[in-house]
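A quick note: this is a predicted structure, and the numbers were derived from the prediction, not measured. Whatever order the structure lists ligands and atoms in, that order sets their numbers, starting from 1.
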Amino acid sequence: ATYETILVETDSRGTKGVTLLTINRPQALNALNSKVLEELIHAFAAYQADATQLCAILTGSGDKAFAAGADIKEMSDKAAADFFLDDFFSPWTAEIVKKTRKPWIAAVNGFALGGGCELAMMADFIIASDKARFGQPEIKLGVAPGMGGSQRLTRAIGKSKSMEMCLTGRMMNAEEAERSNLVARVVPHEELIAETLKTAATIAGMPPMAVIANKEMVNSAFEMTLDQGLIVERRIFQILTASEDKAEGMAAFIEKREGQWKGR
Ligand code: HXC
């Protein structure tokens, strides 16, 4: 497919099994308009459907921004009724987060503000450049987060910091984001994509069913009680023990060789 606002590379830079998605509106600091949403929904569905790809990376083009937010110019003249009747912002979670069973990493290369921070937090984890900046500045526009910020940020960094960020609209730098558990790792700006590709390649080299299962389990921790989550974990674990890749993985360990995955 050809897109107007995003770039898609499968087996990115020779990294087998890794798809790189880049939001490509650098002149608008990669602001998320409805075209970006429509194209990301399509690209994530294509990634999910492509059995040769097992990890994706989402980043922003240019040196300054991952995404500076939802597109303020597009939203400025919409009425409340339009937002309400369209259930504005709901497809981000319903079409991208919920339908993408394979993992994806946000490689945050600069500003991740408002919807940009919220999009990064939809990823399975975040790797940040040392130039990354995170924030929920919506309050300054007379609104509030609408793509999950108040919920995902609070779960990630806790009430006190999340409340302070949302109420003041201040930005957090990469060092604070790592200390606050918002991001998995901070890397030098110039090495962001190379480092994220390495991590993605590690994941893409794992047995595919186990990759999907691990993602599903960890996400369950946010959706249910401990008892329910432990049951989900055990059942998925038990199902995996019936896979051919489990037999191969354990045989490969005992025989001191690399596993050869069948994906079933
Ligand atoms: C549309 C945006 C934009 C955005 C930047 N641009 N952010 N366009 N929507 N969210 C555009 C600018 O208008 C400008 O276009 C160009 O990108 C470069 O931006 P500058 O402001 O000139 O860059 P700089 O001075 O370096 O400042 C960078 C910045 C600032 C601090 C990131 O751009 C900024 O504060 N952006 C808005 C951040 C924000 O409030 N995000 C939350 C959005 S609301 P021109 O054409 O002038 O060159 C949201 C959900 C809210 O996400 C839900 C409401 C219902």
Side-chain angles (χ1 to χ4, degrees), residues 3-7 21-41 44 58-97 106-123 126 128-157 161-177 180 182-183 186 189-190 192:
Y3 299 107
E4 277 171 41
T5 63
I6 63 172
L7 305 169
L21 307 170
T22 306
I23 304 166
N24 191 30
R25 301 185 68 212
Q27 69 295 341
L29 301 186
N30 302 319
L32 306 168
N33 63 12
S34 42
K35 193 74 188 171
V36 175
L37 170 61
E38 177 195 319
E39 294 190 338
L40 282 177
I41 290 171
F44 271 96
L58 179 66
T59 193
S61 71
D63 222 27
K64 267 182 82 174
F66 173 75
D71 193 309
I72 298 170
K73 290 166 189 168
E74 188 181 73
M75 292 184 298
S76 63
D77 53 8
K78 275 187 197 287
D82 301 320
F83 290 107
F84 181 78
L85 293 170
D86 293 347
D87 200 8
F88 201 75
F89 288 152
S90 78
W92 291 97
T93 289
E95 299 299 322
I96 295 176
V97 178
V108 175
N109 54 309
F111 292 117
L113 302 177
C117 184
E118 295 171 297
L119 176 58
M121 292 188 293
M122 289 177 204
I126 299 172
S129 122
D130 54 14
K131 291 191 183 155
R133 296 282 180 281
F134 300 86
Q136 298 293 159
E138 289 93 336
I139 194 165
K140 297 186 200 169
L141 301 169
V143 287
M147 281 167 60
S150 67
Q151 305 304 299
R152 292 195 180 98
L153 187 65
T154 307
R155 281 166 170 75
I157 70 176
K161 261 189 190 290
S162 175
M163 195 68 93
E164 189 213 9
M165 300 277 298
C166 290
L167 288 176
T168 66
R170 82 166 171 93
M171 291 187 212
M172 190 183 255
N173 65 21
E175 189 276 321
E176 185 180 6
S180 308
L182 180 57
V183 309
V186 177
H189 187 70
E190 302 69 33
L192 176 65

Q.
As an exercise, state the distance from CD1 of Ile126 to CZ of Phe66, rounded to the nearest 0.5 Å.
A. 7.5 Å
Q) Within a strict 4.5 Å, meaning less than it, do heavy atoms of the Met75 and Leu141 side chains meet? A) no
Q) In a check of side-chain contact (heavy atoms from CB on, under 4.5 Å) between Leu182 and each of Lys161, Arg152, Met165, Met172, which one passes? A) Met172
Q: Could you tell me the residue and atom name of the protein heavy atom closest to atom 54 (C) of ligand 1, and the distance to it rounded to 0.1 Å?
A: Val143 CG2, 3.6 Å
(Q) Run the side chain to side chain contact (heavy atoms under 4.5 Å, CB included) test on Ser61 and Asn30 for me, step by step, so that the C-alpha distance in whole Å, both residues' side-chain angles and the decisive distance to 0.1 Å come before the verdict. (A) CA-CA 7 Å; Ser61 71; Asn30 302 319; 3.5 Å; yes
Q) How far is atom 51 (C) of ligand 1 from its nearest protein heavy atom, and which residue and atom is that? A) Glu138 CG, 3.3 Å
(Q) Quick check: do Ile23 and Leu58 have side-chain heavy atoms less than 4.5 Å from each other? (A) yes
Q | Heavy-atom nearest neighbour in the protein, as seen from atom 19 (O) of ligand 1, with distance rounded to 0.1 Å | A | Leu29 CD1, 3.6 Å
Q: Show which atoms of ligand 1 fall inside a sub-4.0 Å distance from at least one heavy-atom site of Ala70.
A: 4 (C), 9 (N), 10 (N), 43 (C), 49 (C), 50 (C), 52 (O)
Q: Would you mind finding which of Asn33, Ile139, Leu32, Ile72 brings a heavy atom closest to atom 43 (C) of ligand 1?
A: Ile72
Q: Return yes when at least one protein heavy atom is under 4.0 Å from atom 30 (C) of ligand 1, and no when none is.
A: no
Q: Please write down residue, atom name and distance for the protein heavy atom closest to atom 6 (N) of ligand 1.
A: Ala28 O, 3.7 Å
Q: Check if Pro137 has a non-hydrogen atom at a distance under 4.0 Å from any atom of ligand 1.
A: yes
Q. Does the side chain of Met122 reach to within under 4.5 Å of the side chain of Met147, using non-hydrogen atoms?
A. yes
Q | ligand 1 to Lys73 polar contact by distance, N or O atoms, under 3.5 Å | A | yes
Q) What are the atoms of ligand 1, with element, lying closer than 4.0 Å to any heavy atom of Ala31? A) 1 (C), 4 (C), 9 (N)
Q. Short check: is a protein heavy atom less than 4.0 Å from atom 10 (N) of ligand 1?
A. yes
Q. Taking both backbone and side-chain atoms of Ala68, is any N or O found less than 3.5 Å from an N or O belonging to ligand 1?
A. yes
Q. Between atom CG of Asp71 and atom CZ of Arg25, what is the distance when rounded to the nearest 0.5 Å?
A. 5.0 Å
Q: Please state whether Gln27 comes within less than 4.0 angstrom of ligand 1, counting heavy atoms only.
A: yes
Q: Considering only protein heavy atoms, determine whether one is less than 4.0 Å from atom 24 (P) of ligand 1.
A: yes
Q) Are Phe89 and ligand 1 in contact, using a heavy-atom cut-off of under 4.0 Å? A) yes
Q: Looking only at non-hydrogen atoms, find the nearest pair between Ala128 and Phe134 and report the distance.
A: CB-CZ, 4.1 Å
Q) Do Tyr3 and Asn24 come close enough that some side-chain heavy atom pair is under 4.5 Å? A) no
Q | Distance flag for atom 27 (O) of ligand 1, protein heavy atom under 4.0 Å | A | no
(Q) Among all the protein's non-hydrogen atoms, which is closest to atom 35 (O) of ligand 1, and how far away is it? (A) Leu113 CD1, 4.7 Å
(Q) Do Asp63 and Asn109 make a side-chain contact, defined as non-hydrogen atoms from C-beta onward lying under 4.5 Å apart? (A) no
Q. Is there side-chain contact between Trp92 and Leu37, with heavy atoms separated by less than 4.5 Å?
A. yes
Q: Measure the spacing between CG of Asn33 and CD of Glu74 and express it to the nearest 0.5 Å.
A: 5.0 Å
Q) Do Met171 and Phe111 come within less than 4.5 Å of each other through their side chains, counting heavy atoms only? A) yes
Q) Looking only at distance, does Phe111 have an N or O less than 3.5 Å from an N or O of ligand 1? A) no
Q.
Just so I know, are the side chains of Glu118 and Phe89 near enough to count as touching, which here means a heavy-atom distance under 4.5 Å?
A. no
Q: Kindly give the heavy-atom pair with the smallest separation between Leu29 and Ala65, and that separation in Å.
A: O-CB, 3.5 Å
Q) Starting from atom 55 (C) of ligand 1, which protein heavy atom do you reach first, and at what distance in Å? A) Met75 SD, 3.9 Å
(Q) Any atom of ligand 1 sitting under 4.0 Å from a heavy atom of Lys64? (A) yes
**Q.** Protein contact for atom 1 (C) of ligand 1 (heavy atom, distance under 4.0 Å)
**A.** yes
Q. Counting both backbone and side chain atoms, is some N or O of Leu141 under 3.5 Å from an N or O of ligand 1?
A. no
Q) In terms of atom number and element, which parts of ligand 1 are under 4.0 angstrom from non-hydrogen atoms of Gly115? A) 49 (C), 52 (O)
(Q) Is atom 21 (O) of ligand 1 touching the protein, meaning some protein heavy atom lies under 4.0 Å away? (A) no
Q | Enumerated ligand 1 atoms positioned under 4.0 Å from heavy atoms of Gly114 | A | 42 (C), 52 (O)
